[in-house]
Asks: 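Submitted below is the structure of interest, expressed as structure tokens.
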Protein chains: 2
Amino acid sequence: MKPIPNEGFPAEDHDHRHCTDRALERAAAICKRRGARLTDLRRRVLELVWSGHKPLGAYDILDTLRRERRGAAPPTVYRALDFLAAQGLVHRIESLNCFVGCSDPELPHSGQFLICTSCGSVAELNDVRIDDAIRDSAAEAGFTVGRRTIEVDGLCPHCQEQGRGPRGRPPHNIAGGTPPLSPRGPRGRPPHNIAGGTPPLSPRGDGDG
Amino acid sequence: MKPIPNEGFPAEDHDHRHCTDRALERAAAICKRRGARLTDLRRRVLELVWSGHKPLGAYDILDTLRRERRGAAPPTVYRALDFLAAQGLVHRIESLNCFVGCSDPELPHSGQFLICTSCGSVAELNDVRIDDAIRDSAAEAGFTVGRRTIEVDGLCPHCQEQGRGPRGRPPHNIAGGTPPLSPRGPRGRPPHNIAGGTPPLSPRGDGDG
DNA sequence: CTTGATACGATATAACATAACATAATTGGA
DNA sequence: TCCAATTATGTTATGTTATATCGTATCAAG
């Protein structure tokens with residue numbers, strides 16, 4: 001079996017226990033080194049976030065946690081997530097109001113996310129070329145860059161292979177959002193989506209803004 | 001006075017009526033051309049979104065609307081915003097749960113946003129270099145790109161000139177977020193922020209991920 | 001074994017968003 | 001013009017996500 005990558009999508013049949021175990025081990029080491037307290041609760045929340053490569057909502061975590069601890073409540077989860085995010089062990093996906101485990105927690109970073117709209121799985125990139133492009137473009141506007149939120153919807157390799165299309169719509173991906181990446185030509189339209197919304201990014205050279 | 005740009009931050013003393021008027025005129029023309037109905041309500045919501053260059057929450061809009069129409073309710077606003085977003089006349093800022101007017105609505109696009117954490121103003125970029133970098137990087141992971149969410153926190157030129165720092169923290173920019181862009185050296189830390197969170201993007205060449 | 005700091009429990013509420021169904025306005029065709 | 005279909009809005013209710021606040025427990029250092 002191929003090694004599980006730090007970036008991009010893991011094989012569909014990868015042994016996910018490796019991911020979880022590795023994440024927990026790294027987290028323990030990182031927290032120890034920093035003198036941060038990875039308590040049972042925090043460790044458990046991290047484990048739950050790592051139960052798959054699909055992002056989990058705070059209330060999903062809470063549902064599970066309630067079965068395990070008397071009196072778990074929203075702040076229980078949010079505080080744990082705050083801690084984990086501050087340590088760079090999880091990332092928040094703004095466009096989904098969800099959380100995913102960080103695939104490379106040793107170095108703090110904002111994260112760049114690929115979100116498959118068909119299967120829901122999320123992969124992390126950390127490509128300096130993207131940060132460079134953003135910094136350069138921002139600099140031309142006189143803007144100094146801090147935190148970046150980069151979340152890219154689309155189709156992961158597995159779903160492309162299987163000819164799957166996007167399922168449902170992410171929250172507030174309002175009517176008119178990016179149409180499925182079909183070879184060409186429309187296939188019916190949501191109600192008032194005349195403009196067609198954000199076009200997809202095609203392989204290169206057809207000049208979209 | 002300098003012309004008001006489509007991209008980047010307008011001068012602090014620009015005549016904002018021009019922005020609003022222009023946006024409303026363009027919106028009317030676009031909707032007419034597409035056969036979309038820019039009703040009084042939708043037009044008014046667009047005008048409110050354009051009341052400044054700071055993003056407005058749906059409930060901010062609702063507060064104003066309630067003073068003008070009996071029975072305005074959340075769906076009133078969200079439906080109008082859905083329409084406007086479908087037409088590419090406004091963008092949603094995911095990291096703020098807010099909306100801004102689109103500065104270039106003729107062409108549908110995902111939008112790239114610079115968000116000043118000091119004054120709260122937002123500027124739109126539409127730089128193909130950023131989209132190119134994302135597409136290339138995503139392609140290496142076998143991912144086909146659809147909608148992009150690109151939101152960059154930092155300091156706008158005006159706030160940099162005046163030596164302002166970030167004010168407060170955006171929602172869920174969890175403890176440990178990007179530190180203010182000081183010339184050098186820390187200046188105290190939030191509670192368990194040992195890692196320091198996402199580092200800023202410095203002018204180039206100091207190899208951050 | 002005390003002190004100060006940090007973490008967690010518990011309750012309440014704020015902020016953001018949508019579901020569902022009724023009514024009204026608009027459009028296009030008979 | 002009038003009707004029927006469609007689209008837009010009114011209205012009520014509820015779902016979902018996130019925080020505020022304050023009290024108690026646990027921990028690490030001296």
Side-chain angles (χ1 to χ4, degrees), chain A residues 31-32 34-46 55-63 65-66 68-87 90 92-99 168-176 189-194, chain B residues 31-32 34-46 55-63 65-66 68-87 92-99 168-176 188-194:
Chain A
C31 289
K32 187 169 186 185
R34 293 179 187 159
R37 285 151 67 180
L38 186 63
T39 61
D40 286 352
L41 173 63
R42 290 164 172 176
R43 188 186 151 87
R44 179 62 181 139
V45 169
L46 181 61
L56 232 47
Y59 282 75
D60 297 330
I61 296 167
L62 180 56
D63 286 346
L65 222 51
R66 275 199 214 275
E68 304 173 354
R69 331 192 129 219
R70 56 133 230 233
T76 312
V77 175
Y78 281 103
R79 285 190 292 225
L81 289 170
D82 282 359
F83 169 85
L84 296 169
Q87 297 302 327
V90 304
R92 178 182 166 85
I93 308 291
E94 296 289 350
S95 60
L96 299 173
N97 296 333
C98 277
F99 298 83
R169 238 201 251 127
H172 15 271
N173 180 3
I174 269 165
R189 259 182 206 148
H192 46 225
N193 179 12
I194 286 106
Chain B
C31 288
K32 186 167 184 186
R34 293 179 185 159
R37 284 151 66 180
L38 185 62
T39 61
D40 285 352
L41 173 63
R42 290 164 172 176
R43 188 187 150 86
R44 178 64 180 137
V45 169
L46 181 60
L56 232 47
Y59 281 74
D60 296 331
I61 295 167
L62 180 56
D63 286 346
L65 223 51
R66 274 199 215 276
E68 304 173 355
R69 330 192 130 222
R70 58 135 228 228
T76 312
V77 174
Y78 280 104
R79 285 190 291 225
L81 289 169
D82 283 358
F83 170 85
L84 296 170
Q87 297 301 327
R92 177 182 167 86
I93 307 291
E94 297 289 351
S95 60
L96 299 174
N97 297 332
C98 277
F99 298 83
R169 236 200 255 128
H172 16 272
N173 181 3
I174 268 165
R189 258 181 207 148
H192 46 223
N193 178 13
I194 287 104

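Within every chain, numbering begins at 1; the chains are lettered A, B, ... in the order of the sequence lines, protein sequences first and strands thereafter. As the structure is a prediction and not an experimental result, all values here were calculated from the model.
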Asks: Show the nearest heavy-atom pair for residues B:Arg42 and B:Leu38, with the distance to one decimal.
Replies: CB-CD1, 4.0 Å
Asks: Are C:dC16 and B:Tyr59 stacked, with the base six-membered ring and the side-chain ring centres under 5.5 Å apart and planes under 30°?
Replies: yes
Asks: Find the distance A:Leu65:CG to C:dA7:C1' and express it as a whole number of Å.
Replies: 14 Å
Asks: Is it the case that over 12 heavy atoms from other parts of the model lie below 6.0 angstrom from the CZ atom of B:Arg44?
Replies: yes
Asks: For B:Pro74 and B:Asp40, find the nucleotide of DNA chain D closest to each by heavy atoms; which residue's nucleotide sits nearer the 5' end?
Replies: B:Asp40
Asks: Please walk me through it: do A:Val90 and A:Val45 pass side chain to side chain contact (heavy atoms under 4.5 Å, CB included)?
Replies: CA-CA 10 Å; A:Val90 304; A:Val45 169; over 6 Å; no
Asks: Output the rounded distance in Å from CD (A:Gln87) to P (C:dT6).
Replies: 13 Å
Asks: Starting from C1' on D:dT17, measure out to CG on A:Asp82 and report it in whole angstrom.
Replies: 13 Å
Asks: Please give, in whole Å, the distance from D:dT12 P to B:Arg70 CZ?
Replies: 10 Å
Asks: Any idea which of C:dT18, C:dG9, C:dC16 is nearest the B:Pro75 side chain?
Replies: C:dT18
Asks: State whether the aromatic ring of A:Tyr78 stacks on the base of D:dT19, taking stacking to mean ring centres under 5.5 Å apart and ring planes under 30° to each other.
Replies: no
Asks: Given D:dT26, is OP1 or OP2 found less than 4.0 Å from the side-chain N or O atoms of A:Thr39?
Replies: no
Asks: Tell me whether the OP1 or OP2 atom of C:dA7 has a side-chain N or O from A:Arg42 closer than 4.0 Å.
Replies: yes
Asks: Looking at D:dG10, does its base get a donor-acceptor pair with the side chain of B:Arg69 below 3.5 Å?
Replies: no
Asks: Any idea which of C:dA7, C:dG9, D:dT17 is nearest the A:Arg37 side chain?
Replies: C:dA7
Asks: Looking at A:Ala72, is its backbone amide N or carbonyl O close enough to the side chain of A:Arg66 to form a donor-acceptor pair, meaning the two atoms are under 3.5 Å apart?
Replies: yes
Asks: Can you check the B:Leu81 CG to C:dC16 P distance for me, whole Å?
Replies: 13 Å
Asks: Could you give the CG-to-P distance, from B:Leu56 to C:dC16, as a whole number of Å?
Replies: 11 Å
Asks: Would you say A:Asn97 places a side-chain N or O within less than 4.0 Å of OP1 or OP2 belonging to D:dT16?
Replies: no
Asks: Checking contacts here: which listed nucleotide (D:dA8, D:dT17, C:dA20) is nearest the side-chain heavy atoms of A:Arg92?
Replies: D:dT17
Asks: B:Gly57 and B:Cys98: which non-hydrogen atoms are nearest, and at how many Å?
Replies: N-SG, 3.7 Å
Asks: Which of the following nucleotides, D:dC22, C:dC21, C:dT11, is nearest to the side chain of A:Ala73?
Replies: C:dT11
Asks: Roughly, in whole Å, what's the span from CZ in A:Phe83 to P in D:dT26?
Replies: 19 Å
Asks: C:dC16 P sits how many Å from A:Leu96 CG, rounded?
Replies: 18 Å
